[in-house]
Amino acid sequence: MPKSRIRKKADDYTPPQKKATNIKLTSRSWVAPVMLAMFLIGLAWIVVFYVTDGKLPIDPLGNWNIVVGFGFIAAGFGVSTQWK
C-alpha cells in the first residue's frame, strides 16, 4: 500500500492576543469588622440568655432567643463570604 503524503502546516500561525480587562479593586474593609461584630453579638446574646436563666435579652421569646443568637452568628458567616 502506498504511503500518503505528509502535509506540512504553515508556520505563520500566530495565536490571538489576549485582551486586557480592567479589574476594579473595591475596598472591602467593612467586612471584617461587621463579621466579627455579628459573631460577638450572637455569642453575647446566647451567653446572656443562659446566664439570666432565660429572663434576658427578650423574655417573651423564651428559647427562641437561642435561634436569634445563632441567626446573628449565621449572618456573620454570610458576611464573611464577601471577604477577599
Side-chain angles (χ1 to χ4, degrees):
M1 183 163 215
K3 292 184 179 181
S4 63
R5 295 181 190 172
I6 299 174
R7 295 182 187 173
K8 289 188 177 182
K9 292 184 180 180
D11 291 336
D12 60 345
Y13 173 75
T14 55
Q17 295 181 0
K18 295 180 182 177
K19 294 182 180 179
T21 58
N22 294 337
I23 299 174
K24 294 181 180 179
L25 298 175
T26 58
S27 175
R28 303 235 178 180
S29 60
W30 59 271
V31 174
V34 171
M35 176 184 65
L36 291 175
M38 295 294 239
F39 288 156
L40 293 176
I41 291 170
L43 179 65
W45 194 290
I46 293 171
V47 167
V48 167
F49 174 71
Y50 277 117
V51 169
T52 61
D53 292 327
K55 301 295 180 199
L56 291 175
I58 301 174
D59 190 29
L61 287 180
N63 287 335
W64 284 98
N65 281 305
I66 298 171
V67 175
V68 172
F70 277 112
F72 277 111
I73 293 171
F77 279 114
V79 170
S80 72
T81 62
Q82 299 297 314
W83 198 356
K84 288 187 178 184

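All values below were derived from every heavy atom in this structure, side-chain atoms included, with hydrogens, water molecules and symmetry-related copies excluded. Just so you know, these numbers come straight off a predicted model, no measurement behind them.
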Item to complete: Report the distance from atom CZ of Phe77 to atom CZ of Phe70, rounding to the nearest 0.5 Å.
Response: 10.5 Å
Worksheet item: More than 12 non-hydrogen atoms from neighbouring residues, nucleotides or ligands closer than 6.0 Å to CH2 on Trp30, yes or no?
Response: yes
Practice prompt. Indicate, with yes or no, if Ile73 and Trp83 share a hydrophobic cluster defined by side-chain heavy-atom contacts under 4.5 Å among Ile, Leu, Val, Met, Phe, Trp and Tyr.
Written response: yes
Side-chain donor-acceptor distances from residues 38-48 under 3.5 Å, at least two apart:
residue	atom	partner	partner atom	Å
Trp45	NE1	Asn65	O	3.3
Trp45	NE1	Asn65	OD1	3.2

Discussion item. Please determine whether residues Phe49 and Ile58 belong to a single hydrophobic cluster, defined as Ile, Leu, Val, Met, Phe, Trp and Tyr linked transitively by side-chain heavy-atom distances below 4.5 Å.
Written reply: yes
Discussion item. Looking at every heavy atom in both Val31 and Val79, which two are closest together, and how far apart are they?
Written reply: CG1-O, 3.5 Å
Worksheet item: Would you say Ile66 and Trp64 are hydrophobically clustered, going by side-chain heavy atoms of ILVMFWY under 4.5 Å?
Response: yes
Worksheet item: Looking at Ser80 and Met35, what are the two nearest heavy atoms and their distance?
Response: CB-SD, 3.2 Å
